[in-house]
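Read through the structure below, which is laid out as structure tokens, and then see the notes.
Note: hydrogens, waters and symmetry copies are ignored here, and every other heavy atom, side chains too, is used. Chain identifiers are assigned alphabetically (A, B, ...) following the order of the sequence lines, protein sequences preceding nucleic acid strands; residue numbering begins at 1 within each chain. Model, not experiment: these values are computed from the prediction.
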Amino acid sequence: MAETFPTLVQCAIVAGALKVLLFPAYKSTDFEVHRNWLAITHSLPIWEWYLEKTSEWTLDYPPFFAYFEWILSQVGKLADPAMLRVYNLEYDSWQTVYFQRITVIVSELILVYALQMFIDSSYGASKRAAQAAAISVLLSPGLLIIDHIHFQYNGAMYGILVASLVLARKRSTLLASGLVFAALLCMKHIYLYLAPAYFVFLLRAYCLSPKSIFRVQFLNCLKLGSGIAAIFATAFGPFALKGQIPQILGRLFPFSRGLCHAYWAPNVWAMYSFVDRVLIILAPRIGLSIKGEALKSVTRGLVGDTSFAVLPDITPRMCFALTLLSQAIPLVKLFIHPTWDTFIGAVTLCGYASFLFGWHVHEKAILLVIIPFSLIALKDRRYLSAFRPLAVAGHVSLFPLLFTPAEFPIKTVYTIFWLVLFLMVFDRLAPASAWPRFFLFDRFCTLYIAVSIPLILYCSLIHGVVFGKSYEFLPLMFTSSYSAIGVVGSWVGFLVVYFTS
Amino acid sequence: MAGPTTHKPRRKALPKADHLSKADILIRSPTFPLAAFLWPARGSVSQWEILPLILMVAGLFRWAAGLWGYSGFQKPPMFGDYEAQRHWMEITTQLPISQWYFHDLPWWGLDYPPLTAYHSWLCGKIGSLIDPSWFALYTSRGSDDPTLKIFMGVTVIISEYIVYIPAVVVFVRRYARASGVATWPAWVALVAILMQPATILVDHIHFQYNTVMLGFAVASMSSMLAERYYWASIFFVAALGFKQMALYYAFPVFSYLLGNCIFPRLNVSRFVGIATVTAASFAVLVLPIILGTLSDVRKGVDSRPDLDGPRPPLPLFPQLANHLDTDAAYYPIIEQLVQMVHRIFPFARGLFEDKVANFWCALNVFIKLRKYPSELLQRSALLATLASIIPPNVVLFFRPRKTSLPLAFATTAWGFFLFSYQVHEKSVLLPLMPMTLLLAGKQGLSKDTRAWVGFANLLGCWTMFPLLSRVELRVPYAVLTLLWAYLLGLPPTSTSAYFQEGTSLWTQWATAFIHGGFYLAMAMWHVLEAFQVPPPDKPDLWVVANVGVGFAGFAICYAWCFWRLLVESELIPKSWTKKTKTKTQ
């Protein structure tokens with residue numbers, strides 16, 4: 001069969017219809033954040049973009065994103081000029097809502113294009129699998145919840161990331177891959193987490209000779225280096241002229257924030273906090289001392305500053321060291337064995353490392369793991385069995401982002417739809433593996449997925465009926481602890497797959 | 001589950017039905033996007049895998065559509081349909097049962113049959129558990145509490161998933177089997193039917209519970225397919241008991257059931273059985289009202305506490321009072337039932353209320369009907385309706401075939417919609433429902449049927465546009481109709497539904513020409529309506545144009561359905577159909 005159905009474009013059209021219907025849905029403060037950035041970039045000279053602070057939602061993305069907002073604002077002034085005034089805080093006329101929501105949908109076309117590139121870059125038997133994976137990314141409940149309801153532009157960003165990853169598949173487009181990634185870094189700096197994998201891969205596959213690591217390909221180094229330098233100069237140059245780089249860096253990397261984000265992202269620190277809470281109850285019995293001041297804050301874990309009552313506190317330096325360490329180990333294999341599959345695996349593991357050990361991680365960052373992983377999840381059944389708990393945990397962990405009753409059916413039904421459909425389809429498409437699978441891992445995985453159903457029921461319905469508004473942290477804690485187990489489990493599973501294949 | 005799905009089928013599936021037919025095997029790639037979406041499910045996919053997915057998608061689109069506004073949102077003094085439904089939950093939960101049909105009639109007085117009242121009571125009781133202020137007497141009027149809106153939306157969805165959706169799923173399966181259609185095309189048809197834009201727009205956005213009534217009607221048809229005639233009668237009484245609009249289907253139900261009692265041989269016991277079951281169902285339907293009234297009388301609760309002095313005369317048949325003793329124990333029941341009938345069938349209203357794409361509104365453009373006595377108008381409406389609905393029902397009576405059921409339902413409902421009295425724009429749902437069910441029948445997904453079913457649906461949505469645009473629902477209107485047109489490969493997204501091989505060139509050109517003309521007119525109308533203010537002396541020009549075009553299109557749909565019914569009933573020689581098909585269109 002020349003083409004498998006449904007095609008990516010057909011899915012994009014139907015998904016687009018649903019996304020337009022979601023225009024009146026709940027929108028978070030991120031909507032106001034982006035409106036404010038539209039206003040800043042449109043009405044102020046470029047040198048003031050990173051100084052302006054009328055709104056508390058100051059511009060804290062790199063310059064390319066600011067340029068992107070500036071382009072959008074040129075169209076936005078036709079829709080409703082009032083949204084482009086900096087002092088017009090919390091402005092949300094229907095024109096503004098329609099305009100901003102449409103820009104998200106339109107900018108997501110980059111993702112559609114990139115995923116089509118991914119399908120076209122696959123051949124033979126894996127083409128169908130690639131198509132299924134591409135559709136799963138396009139229809140990802142994560143993107144629907146974060147972009148089209150909660151409001152952000154992740155679709156476009158991940159589109160650029162996927163494009164860059166696909167370009168890395170062929171030797172002839174390696175340079176382009178690196179440059180596209182550099183441009184992406186200048187749009188959203190969260191992708192710095194993936195940069196080590198790019199660095200190692202480009203170094204080994206592009207800058208050094210494939211035959212020997214001691215033979216440097218100087219021309220390639222020059223092309224890559226000057227290209228990246230040019231991109232960074234375009235982004236940061238105008239600001240460097242006025243000496244604003246320290247100001248921008250201060251905005252981009254606010255180290256004053258706490259270990260855990262407002263909600264707990266399902267990472268190692270969520271499990272750590274959970275253990276700490278359990279220990280508060282157990283401590284008197286086993287003779288551990290409890291730090292008094294930490295106990296006082298009842299909302300601990302819900303607000304930014306986390307301090308632990310029993311366990312030692314965590315410093316940003318420790319987070320950083322752990323992240324780097326867990327990124328470095330897979331990169332050794334990438335350096336020795338620089339194939340595309342290993343590269344994608346390494347990117348995924350970099351995403352895992354930063355998500356699991358990072359400082360102030362937002363649960364939205366889970367897409368940093370899921371989306372690269374999706375590209376290789378169908379390689380064989382062992383990859384798929386590592387992917388499964390991640391798909392469940394990652395998406396369930398996003399549920400607390402939407403807490404309004406009107407969006408509850410959308411997020412749950414859509415996520416369940418996606419999980420049922422794609423886990424079923426993936427199961428059929430993933431070829432058998434040449435290596436044996438690990439003992440009992442699949443059983444635990446099934447059990448884990450089954451637990452998600454009572455968990456969702458408890459968090460969304462039963463808790464409210466039993467406790468009303470009190471103990472609001474409980475559902476959040478359960479969700480993030482549950483999801484953390486899934487993410488960590490899939491990380492361990494994938495590490496094994498990565499190092500043994 | 002409303003449909004008797006738990007029963008064992010009396011007949012085994014036709015052995016042919018589960019295999020792909022010849023035409024299906026020949027198709028190497030999907031001919032329209034909806035088929036592409038279900039393309040991977042052609043193999044041996046179990047229904048337990050595909051059905052939940054279909055139902056989830058249908059639910060998602062319904063719920064997302066429901067996020068938009070509803071009719072009468074923050075529009076005092078009367079608000080809209082949403083307020084009517086909410087108000088009925090208020091009065092049924094707050095007032096004694098004997099006052100339901102009498103309470104403060106100018107403010108959305110209850111004017112639907114008892115099943116709606118019971119349904120409102122149930123929803124109101126559940127809602128009051130969550131927040132009693134939603135349905136507090138008097139103070140809750142015009143409430144725009146956002147949580148109430150969610151609750152109301154949930155009641156629509158749940159009611160639909162309890163009645164309409166199971167009924168449609170079962171119907172599609174039985175109808176496909178009766179027509180010799182394989183499983184996979186039936187799934188495609190099911191999705192197309194569930195994504196029908198008109199029902200989503202009216203029920204989930206504009207707000208009403210039409211799908212409950214439509215669901216009972218489908219369940220009734222589905223029981224006829226399964227040859228369970230008593231269930232068919234019970235379901236149909238339920239449909240009538242929920243919304244009197246189901247009368248549009250009464251004639252084909254009657255003709256089919258009666259026809260099946262007479263042909264191929266007279267079956268008196270079946271006839272008596274059906275008659276008894278129907279009468280019993282009606283009795284059960286009104287029983288709560290009767291018992292409630294008796295109990296209220298005993299408790300001394302008056303049905304009209306606001307009135308002093310002697311009882312007012314009956315609103316209908318006032319001469320009855322001469323033969324009845326107004327103080328007798330049975331009188332309050334008579335009064336209650338007469339009041340109910342009076343509320344349900346508003347004979348006193350005019351020929352039409354709003355601009356509807358039917359014959360009378362279209363005629364009104366040329367001849368001002370108001371100058372004629374309403375007696376004459378009522379009589380001519382009755383005659384015209386009868387003239388349009390008797391022929392299809394005679395056909396159905398003499399040839400009561402399973403495969404022609406939806407056609408007879410659709411033709412009769414079109415006849416009612418076009419010529420009867422007091423038609424509402426939203427009534428177009430009634431002919432659209434059986435017509436859309438044709439997609440699950442023989443050649444249902446062929447270009448010809450798809451083109452006609454699609455044409456009727458898109459035209460139907462288009463005639464509701466003035467209604468929807470009044471409450472700012474242009475965006476969901478555009479999204480849902482265009483999405484459906486896209487899925488089924490219809491204009492304006494594609495012209496692939498026209499010019500298929502195998503039918504005569506004349507038919508193809510005529511269909512394409514007629515449909516093309518209407519689609520063009522609809523598109524032009526949208527452009528004009530959006531950018532051009534109508535001349536000051538004709539402020540309703542666009543609405544009138546909508547009515548005129550809509551009427552013409554619906555009349556053609558009536559003719560097509562009738563023609564198909566004749567063909568299906570083999571009343572037209574086969575050799576003849578190929579060449580002259582165009583003439584009747």
Side-chain angles (χ1 to χ4, degrees), chain A residues 1-27 94 97-98 101-102 105 128 131-132 135 139 141 144 148-149 404-429 464-465, chain B residues 28-46 48-50 52-69 130 146-147 149-151 153-154 157 191 195 197 200 204-205 472-473 475-484 486-487 493:
Chain A
M1 204 182 294
E3 204 175 4
T4 43
F5 293 98
T7 64
L8 192 69
V9 174
Q10 287 172 330
C11 291
I13 290 173
V14 173
L18 181 68
K19 287 162 188 171
V20 174
L21 283 181
L22 289 175
F23 276 2
Y26 158 84
K27 51 193 188 314
W94 67 263
V97 176
Y98 282 24
R101 293 265 197 213
I102 288 172
I105 295 176
R128 280 186 72 186
Q131 176 141 358
I135 291 175
L139 300 181
L144 186 91
H148 299 281
I149 303 178
T404 44
E407 282 70 28
F408 169 74
I410 306 265
K411 71 175 182 190
T412 43
V413 176
Y414 190 85
T415 306
I416 292 171
F417 167 77
W418 187 90
L419 286 172
V420 171
L421 176 64
F422 285 104
L423 292 184
M424 203 166 79
V425 170
F426 285 3
D427 217 37
R428 281 174 197 200
L429 290 177
V465 174
Chain B
R28 289 263 170 248
S29 65
T31 44
F32 52 99
L34 183 59
F37 281 102
L38 288 159
W39 201 245
R42 278 175 322 145
S44 52
V45 175
S46 132
W48 300 113
E49 291 171 336
I50 188 167
L53 292 173
I54 291 177
L55 296 188
M56 280 194 261
V57 171
L60 273 173
F61 274 95
R62 280 162 168 72
W63 187 258
L67 296 174
W68 292 78
I130 302 169
T147 322
K149 182 193 171 192
I150 293 167
F151 172 75
V154 170
I157 289 221
V191 180
M195 292 302 289
I200 301 181
H204 297 277
I205 309 183
E472 296 302 332
L473 297 176
V475 176
Y477 160 83
V479 171
L480 289 169
T481 47
L482 287 177
L483 173 69
W484 199 75
Y486 169 73
L487 286 176
T493 62

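The CD1 atom of A:I13 sits 9.5 Å away from atom CG of B:L487, with the distance rounded to the nearest 0.5 Å. Interatomic distance, B:W68 CH2 to A:L22 CG, rounded to the nearest 0.5 Å: 9.5 Å. Considering CD1 of A:I410 and CG of B:L67, their distance stands at 5.0 Å, rounded to 0.5 Å. A distance of 10.0 Å separates CZ in A:F417 from CD1 in B:I54, rounded to the nearest 0.5 Å.
Between B:P40 and A:F5 the shortest heavy-atom distance is CG-O, 3.3 Å. Nearest heavy atoms, B:L60 versus A:L18: O-CD1, 4.2 Å. Among all heavy-atom pairs drawn from A:Q10 and B:A36, the shortest one is OE1-CB, 3.3 Å. For the pair A:V20 and B:V479, the tightest heavy-atom approach, listed with the atom from each and the gap, is CG1-CG2, 3.4 Å. Heavy-atom minimum distance, A:V14 versus B:Y486: CG2-CE2, 4.3 Å. The minimum heavy-atom distance between A:A17 and B:L483, with the atom names listed, is CB-CD1, 3.9 Å.
Side-chain contact between B:V475 and A:Y98 is present, with at least one heavy-atom pair separated by less than 4.5 Å. For the pair A:L421/B:M56, no side-chain contact is recorded, criterion being any heavy-atom separation below 4.5 Å from C-beta on.
No part of B:L38 comes within reach of chain A, as not one of its non-hydrogen atoms sits under 4.5 angstrom from that chain.
Across A:V420, A:L21, A:V413, the residue that shares the most heavy-atom pairs under 4.5 angstrom with chain B is A:L21.
Take B:L482 and apply the side-chain contact (heavy atoms from CB on, under 4.5 Å) test, not counting sequence neighbours, and it matches B:P492. B:F151 meets the ring pair (Phe, Tyr, Trp, His ring centres under 6.0 Å) test with B:W134; sequence neighbours excluded.
Between the side chain of B:W63 and the backbone N or O of A:E407, no donor-acceptor pair lies under 3.5 Å.
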